[in-house]
Structure formats: structure tokens, C-alpha cells
Number of protein chains: 2
Amino acid sequence: MFELDVRSRKPIYEQLVEKLKQLIINDVLKEDEKLPSVRELAQQLTINPNTIQKAYRELESQGYIYSLKGKGSFVHPSGKVDNEEELKKVREELKKLFAEAIYLGMTSEEIAALLQEVEGGQQDD
Amino acid sequence: MFELDVRSRKPIYEQLVEKLKQLIINDVLKEDEKLPSVRELAQQLTINPNTIQKAYRELESQGYIYSLKGKGSFVHPSGKVDNEEELKKVREELKKLFAEAIYLGMTSEEIAALLQEVEGGQQDD
DNA sequence: TAACTGTATTATTACTTCTAGTACAGTAGT
DNA sequence: ACTACTGTACTAGAAGTAATAATACAGTTA
């Protein structure tokens, strides 16, 4: 499914959250699609089930997946995500990153071009 | 100068790097301005000098400040920062964040508006 | 009932952060 | 030369976090 860098300074469960988020955002994992079970994914990646669960819990609290006891964990339908808290964080991060990009010499045109690139890729894939 | 959240999950030195970066980017700390010495800032914030040094070392490696033995640490002039590695990271982060923002329901117009806002604030303050 | 699912708890190990103390080297003013 | 600043480096230990391991409980499905 994907790889993790165990030697990284970043915690494994954070890497997992990021990777899964990317897969969901880029529609590799479709709406309501079932994710691998905690134990199954743990076996595939040869890491502890508790670590997987921690990542799933985080993803659920951020609104990216939902979990049903006895059934499994599923991708939260994109349109129905209503996470104002998460949106606020993203806006703040965007502002910081814009300031940083400009400081490092990027023009707003370059940045806008990146945005268009990503926007196009969303429908396409 | 600023405050740190010791109870945060984030390492103190990382918080320090972020805060100082913001001050530099937003021109609160001007070009070639002298930063507080390692020991001085440590005393002000009541944290260990080694922690400050770690933050300064990180900021220097990212091109935001430069340090002169016996003299002090200073803000790197913005125009002369040429950190292609850092720029690459920022581009990647921007792409991820754009995808995430769109997924959470932001339109590219909203995102572009944020960019304009930040761009205007750079000259203004 | 059996075999799956998520979830929770406790204990232990491993790793990172942070602190503490010390030391060395360069700069500036006296 | 002396003093008092600067940055930098190193070792050792304490404290906190991440990751593992083992177990248990609850809900679903066939």
C-alpha cells in the first residue's frame, strides 16, 4: 500500500496520518471505501496495531474517516466533511506558508500557478 | 519577546524556530539585526541555553540567520537567502496544503484571496 | 459459535528532548 | 593582558513521548 520511514525523526503514526490523508484527498481511497483493519494493516507494515489505531483515531478526529465497531474504518465522504476547526488550521497554515514562500523569493504568480496545477489534478487524476 | 507553550506536544526548540521565523518573515526583526545571545534568551525564557542553540543552529541551516563566533547571531538579509532546498520543501508543502484545503471545501478563489492578503501585508505591516 | 471488526488498558522498552555542567574559541573594551 | 561578552561543542543524566507487547471487551457477520 505504501512505505514508512522508520528511521525518520517523525513518529510513525504521524507519517501514517499524512500518507492516508494524501490517499484520501487525492481520491485514491474513494468515499466510504473500507480501510484495512487495524490488525491487517499492522501486519502488512510490520508495526504494532496500537500505532495504527492511534493514526486512525487521529484521522477520525480530523474528519477524514469514520469507524464502526465490529465493521471497520471507512473514508468519510468528502462533501460531508464539516470540520471548521480543521479548516481554521489550514487557513492559518496557508498564511504562514505564503509568507514563507514570498520571503524565500517566490512570486505570487508562481504560487498561484501551483494552486492551478493542484486544482486541475483534482478532477483529472 | 514572545511566549512558549511548555506543555505542548511540540518540542520547545521547534516552537522557537517557528516563532523566530515568523518574526523574521514579517520583518519584525530587520535585516542584519542582532538576535538575543544564546545565554540571554535562555535566561529570558527560563529554558536551557542548549535548547536555544539548537533552534539557532536550525535557523542558520535553513538560511534565516547567520552566526559569528564572538559577535552574535543576526537576521540573514532576505534578498540574499538562496536556499533551493528550503524552497523545494515549501513548494511540496504548498501542494499538499492546497489539496487539503480544496478537499475541506475551500475554493481556489478563497485560497487566492488569502494569498493576496498576505502579499499586501508584506509591504505594509 | 467462530472469526472477524474497533477500542481500551497496562506494562515495558526505546528513543528524543531537555537540562546541567563544563570547556574552548573568537571579539571587544578597558 | 585582562575581563566580559559572544558562538560552539561535548558528556552525562533526567524527563517525557513513541512504540511494542499482551490482553481484554464489545459489536458485526455468517
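Reckoned from all heavy atoms, side chains included, excluding hydrogens, waters and symmetry mates. Throughout, a chain's letter reflects where its sequence line sits, starting with A, and its residues are numbered from 1. Quantities reported herein were computed from a predicted structural model and do not represent experimental measurements.
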Asks: Which of these nucleotides, dG7(D), dT20(D), dG6(C), is closest to any side-chain atom of S73(B)?
Replies: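 From the listed options, dG7(D) comes nearest.
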
Asks: How many whole angstroms separate atom CD1 of I52(B) from atom C1' of dG7(D)?
Replies: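 It is 13 Å, rounded to the nearest whole Å.
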
Asks: Hey, which of these two, T46(A) or S67(B), hits DNA chain D nearer its 5' end, going by closest nucleotide?
Replies: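 Comparing both residues, the 5'-ward one is S67(B).
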
Asks: Report which part of the nucleic acid E60(B) touches: base, sugar-phosphate, or nothing (heavy-atom distance under 4.0 Å, all strands).
Replies: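 E60(B): backbone/sugar contact only, no base atoms under 4.0 Å.
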
Asks: With a 4.0 Å cut-off on N to O distance, would you call E84(A) and R91(A) a salt bridge?
Replies: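 Judged by the 4.0 Å cut-off on N to carboxylate O distance, E84(A) and R91(A) do form a salt bridge.
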
Asks: Grab the NZ-P distance between K34(B) and dG7(D) for me, whole Å please.
Replies: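 Taking atom P of dG7(D) as the reference, NZ of K34(B) is at 6 Å.
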
Asks: Test of understanding: clusters of I, L, V, M, F, W, Y form through side-chain heavy atoms closer than 4.5 Å, transitively. Do Y103(B) and L29(A) belong to the same one?
Replies: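 Yes, one cluster joins them.
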
Asks: Could you state the atom-to-atom distance from NZ of K71(A) to P of dG6(C) in whole Å?
Replies: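 Whole-Å distance recorded here is 13 Å.
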
Asks: Within this structure, what is the CG-to-P distance between N48(A) and dT13(C), rounded to whole angstrom?
Replies: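 Between P of dT13(C) and CG of N48(A): 15 Å.
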
Asks: When the distance from OH of Y66(B) to C1' of dT27(C) is rounded to whole Å, what number comes out?
Replies: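 These atoms are roughly 15 Å apart.
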
Asks: Same cluster or not: are I65(A) and F74(A) linked, directly or through other Ile, Leu, Val, Met, Phe, Trp or Tyr residues, by side-chain heavy atoms under 4.5 angstrom apart?
Replies: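 Different hydrophobic clusters.
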
Asks: Indicate yes or no for a side-chain donor-acceptor contact from E93(B) to the backbone of L97(A) under 3.5 Å, with no hydrogens or angles considered.
Replies: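 It does not hold such a pair.
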
Asks: Check the distance between dT28(D)'s C1' and F74(A)'s CZ and give it to me in whole angstrom.
Replies: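 These atoms are roughly 10 Å apart.
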
Asks: Using a cut-off of strictly less than 4.0 Å, decide whether T51(B) has a side-chain nitrogen or oxygen near OP1 or OP2 of dT17(C).
Replies: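 T51(B) to dT17(C) OP1/OP2: no side-chain N or O under 4.0 Å.
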
Asks: Of all heavy-atom pairs between H76(A) and Y66(A), which one has the smallest distance, and what is that distance?
Replies: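 Minimum heavy-atom contact is CA-CD2, 3.9 Å.
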
Asks: Quick one: is Y13(B) getting a side-chain N or O under 4.0 Å of the dC18(C) phosphate, OP1 or OP2?
Replies: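 No, because none of the side-chain N or O atoms of Y13(B) sits under 4.0 Å from OP1 or OP2 of dC18(C).
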
Asks: Can you measure K10(B) atom NZ to dT16(C) atom P for me and round it to whole angstrom units?
Replies: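 Between P of dT16(C) and NZ of K10(B): 19 Å.
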
Asks: Is any side-chain N or O of R39(A) under 3.5 Å from a base N or O of dT7(C), one able to act as donor and the other as acceptor?
Replies: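 Yes, a donor-acceptor pair under 3.5 Å.
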
Asks: Examine dA19(D): is either OP1 or OP2 under 4.0 Å from a nitrogen or oxygen in the side chain of K54(A)? Give yes or no.
Replies: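 Looking at the OP1 and OP2 atoms of dA19(D), neither is under 4.0 Å from any side-chain N or O of K54(A).
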
Asks: Quick one: N50(B) CG to dG13(D) P, roughly how many Å, whole number?
Replies: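 Atom-to-atom, N50(B) to dG13(D), this comes out as 16 Å.
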
